[in-house]
Amino acid sequence: MTEVTTIRVGGPTPYDVCVGAGVSTDVVRHTTGASVVAVARPAALAGFAAPVIAALSTGGHRAVEVDVPSGEDGKSLESLMTIWDALAAAGVGRGDAVVAVGGGATTDVVGFAAATWLRGVRVVQVPTTLLGMVDAAVGGKTAINTPAGKNLVGAFHPPAAVLVDLDTLETLPAGEWVNGMAEVVKAGFIADPRILELVEAAPGDARRPGGGDVRELVERAIRVKVDVVSADLRESGRREFLNYGHTLAHAIERVEHFRWPHGHAVSVGLVFAAALGRHAGRLDPATAERHRTVLDAVGLPTSYPDGDWAALREAMNVDKKSRGGMLRFVVLDGLATPGILDGPDEDLLRAAFAEVS
Ligand SMILES: NC(=O)c1ccc[n+]([C@@H]2O[C@H](COP(=O)([O-])OP(=O)(O)OC[C@H]3O[C@@H](n4cnc5c(N)ncnc54)[C@H](O)[C@@H]3O)[C@@H](O)[C@H]2O)c1
């Protein structure tokens, strides 16, 4: 194992996010006292679960492998039932533990299974996508999808640890890397401009998994999320700033029936939010324009041509962030200075949308 960086997440149930190549074998440090450890992963990622299982076995645990459908298919009630059944069959008890190895979809459903099994057993998250590393696996939010919508059923269940094994990025498809970069860039704009400098210094590298200063990018993006969730476990106050760019993004995803990758929608949402801040007289034009150049450098879309504004506007109304009938946006008052814009004029919204359509 190479050098490991440990980032402490504060709050009522503190835990560590450990970043490093090969760090997933460190799992035994976080499963003390467990006799059975269920390791849940999509079949395609069994290779990343193997060293985890070997380490657990060497550490004296009975490791049981659990299959989870990959991607969003895994975030269903049926899949959750299958995981519960597997935990029952393996005899996972209160003092035992569950490990999730996979992308954000896997860490979400396996985290929720752990949150609900016996009213909550330990979970160690081993994210294997960039999005999982910098976002989904950190913060304790778990969820599944239902016919009524995405992530409507879930629980706050902070993990015992998050092991960010940089080795897993080697097989990540370029598209998945770019998808995750939207959240990394967002972290740069709301809190850590050094992230933007890293992307600007090596734009080509920022487009491929394992390229550029991956470790620094990943660590910095994680720190941004950790700083926020440590201060604010449940979604209010500062945690809301993590939704920068997400109000329009969620609307695009809904209008596109979730066929648009999340990162692409967030990218357009970030350019829109920057334009909104500028039109509201809060963000300077250069920083607003920087959104477009950085996202473009990463290979993310910065426009949504021929978008149906009426449909998007309607979709934004039902977004959970529209409270008390008023639309609410995270905007920037400057680089790394997020704030809230409540109930903007329709003209302002249309002007900002014109810049991405
Ligand atoms: N809980 C949270 O706070 C939170 C935050 C953001 C996103 N999410 C959730 O995360 C999910 C998206 O996560 P995602 O983008 O990681 O997608 P994903 O989990 O669907 O993974 C994408 C695909 O890549 C594969 N994959 C994963 N790691 C790989 C690797 N190292 N090499 C090769 N293939 C690999 C997966 O099996 C899957 O097919 C969504 O369901 C979203 O709701 C949750």
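Start at 1 and go down the list; that is how both ligands and their atoms are numbered.
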Engineer: Any protein heavy atom sitting closer than 4.0 Å to atom 25 (C) of ligand 1?
Structural biologist: no
Engineer: Return a yes/no value for Thr129: is any of its N or O atoms, backbone included, closer than 3.5 angstrom to an N or O of ligand 1?
Structural biologist: yes
Engineer: I'd like to check which ligand 1 atoms, numbered from 1 as shown, lie under 4.0 Å from a non-hydrogen atom of Thr171.
Structural biologist: 30 (C), 31 (N), 32 (N), 33 (C)
Engineer: Going by salt bridge (Lys or Arg N to Asp or Glu O under 4.0 Å), name the residues that satisfy it together with Arg282, two or more places apart in sequence or in a different chain.
Structural biologist: Asp333
Engineer: Between Val268 and Leu248, is any pair of side-chain heavy atoms under 4.5 Å apart?
Structural biologist: yes
Engineer: Regarding Arg259 and Glu256, does a basic nitrogen lie under 4.0 Å from an acidic carboxylate oxygen?
Structural biologist: no
Engineer: Out of His157, Glu253, Glu72, Arg41, whose heavy atom is nearest to atom 40 (C) of ligand 1?
Structural biologist: Glu72
Engineer: Is a side-chain donor-acceptor pair under 3.5 Å present for Thr129 with Glu176?
Structural biologist: no
Engineer: Output the list of atoms in ligand 1 that are nearer than 4.0 Å to some heavy atom of Thr168, sorted by atom number.
Structural biologist: 30 (C), 31 (N)
Engineer: Counting non-hydrogen protein atoms only, what is the nearest one to atom 17 (O) of ligand 1? Give residue, atom name and distance.
Structural biologist: Gly104 N, 4.2 Å
Engineer: For His264 and Glu253, which I'm curious about, is there any donor-acceptor pair between the side chains at under 3.5 Å?
Structural biologist: no
Engineer: Within ligand 1, which atoms have a heavy atom of Lys225 less than 4.0 Å away?
Structural biologist: 3 (O)
Engineer: How close does the nearest protein non-hydrogen atom get to atom 37 (O) of ligand 1, and which residue and atom is it?
Structural biologist: Ser70 CB, 3.4 Å
Engineer: Should the proximity of His262 to ligand 1, defined as any heavy atom under 4.0 Å, be assigned to the side chain, the backbone, both, or neither?
Structural biologist: neither
Engineer: Could you note down all residue pairs passing side-chain hydrogen bond (donor to acceptor under 3.5 Å, both in side chains) where residues 93-102 supplies at least one of them, sequence neighbours left out?
Structural biologist: Ser35-Asp96
Engineer: What protein heavy atom lies closest to atom 38 (C) of ligand 1? Include the residue and the distance to one decimal.
Structural biologist: Gly71 N, 4.1 Å
Engineer: Could you name the option among Val109, Asn151, Leu131 that has the heavy atom nearest to atom 15 (O) of ligand 1?
Structural biologist: Leu131
Engineer: Where on Lys150 is there a heavy atom closer than 4.0 Å to ligand 1, on the side chain, on the backbone, on both, or on neither?
Structural biologist: side chain
Engineer: Charged N to carboxylate O below 4.0 Å: is that the case for Glu355 and Arg278?
Structural biologist: yes
Engineer: Could you check Leu295, Ile195, Leu217, Ile190 and say which one makes a side-chain contact (heavy atoms from CB on, under 4.5 Å) with Val185?
Structural biologist: Leu295
Engineer: Give me the residue, atom name and distance of the protein heavy atom closest to atom 23 (C) of ligand 1.
Structural biologist: Glu176 OE2, 3.9 Å
Engineer: Atoms of ligand 1 less than 4.0 Å from Pro173 heavy atoms?
Structural biologist: 33 (C), 34 (N)
Engineer: So, regarding Leu45 and ligand 1 (criterion: nitrogen or oxygen to nitrogen or oxygen, under 3.5 Å), is there a contact or not?
Structural biologist: no
Engineer: Is Glu240 paired with Arg328 through a side-chain N to carboxylate O contact shorter than 4.0 Å?
Structural biologist: yes
Engineer: Within a reach of under 6.0 Å around CZ of Arg119, are more than 12 heavy atoms found that belong to other residues, nucleotides or ligands?
Structural biologist: no
Engineer: Is Asp345 salt-bridged to Arg350, cutoff N-O under 4.0 Å?
Structural biologist: no
Engineer: Which part of Lys75 is near ligand 1, with near meaning a heavy atom under 4.0 Å away: side chain, backbone, both or neither?
Structural biologist: side chain
Engineer: At under 4.0 Å between heavy atoms, is it the side chain or the backbone of Asp108 that contacts ligand 1, or both, or neither?
Structural biologist: side chain
Engineer: May I ask you to identify, for Met133, whether its side chain, its backbone, both or neither come under 4.0 Å of ligand 1 on a heavy-atom basis?
Structural biologist: neither
Engineer: If you measure from each non-hydrogen atom of Val138 to ligand 1, which part falls under 4.0 Å: side chain, backbone, both or neither?
Structural biologist: neither
Engineer: Give me the one residue out of Leu131, Leu270, Val224 that meets side-chain contact (heavy atoms from CB on, under 4.5 Å) with Glu183.
Structural biologist: Leu131
Engineer: With heavy atoms under 4.0 Å as the rule, classify the contact between Ala137 and ligand 1 as side chain, backbone, both or neither.
Structural biologist: neither
Engineer: Do side-chain atoms of Asp192 reach the backbone of Arg194 as a donor and acceptor pair under 3.5 angstrom?
Structural biologist: yes
Engineer: With heavy atoms only and a cut-off of under 4.0 Å, state how Thr107 meets ligand 1: side chain, backbone, both or neither.
Structural biologist: neither
Engineer: Is there a heavy atom in Gln125 that sits closer than 4.0 Å to ligand 1?
Structural biologist: no
Engineer: State which residue, out of Trp309, Phe272, Trp260, fulfils the ring-ring contact (aromatic ring centres under 6.0 Å, His included) condition with Tyr304.
Structural biologist: Trp260
Engineer: Quick one: which of Ala136, Gly154, Pro42 has a heavy atom closest to atom 5 (C) of ligand 1?
Structural biologist: Ala136
Engineer: Are His291 and Phe189 an aromatic pair by the rule of ring centers under 6.0 Å?
Structural biologist: yes
Engineer: Specify side chain, backbone, both or neither for Thr128, according to which of its non-hydrogen atoms lie closer than 4.0 Å to ligand 1.
Structural biologist: both
Engineer: For Asp135, counting its heavy atoms only, list the atoms of ligand 1 lying under 4.0 Å from any of them.
Structural biologist: 5 (C), 6 (C)
Engineer: For atom 11 (C) of ligand 1, grab the closest protein heavy atom and report residue, atom and distance to one decimal in Å.
Structural biologist: Ala105 N, 3.4 Å
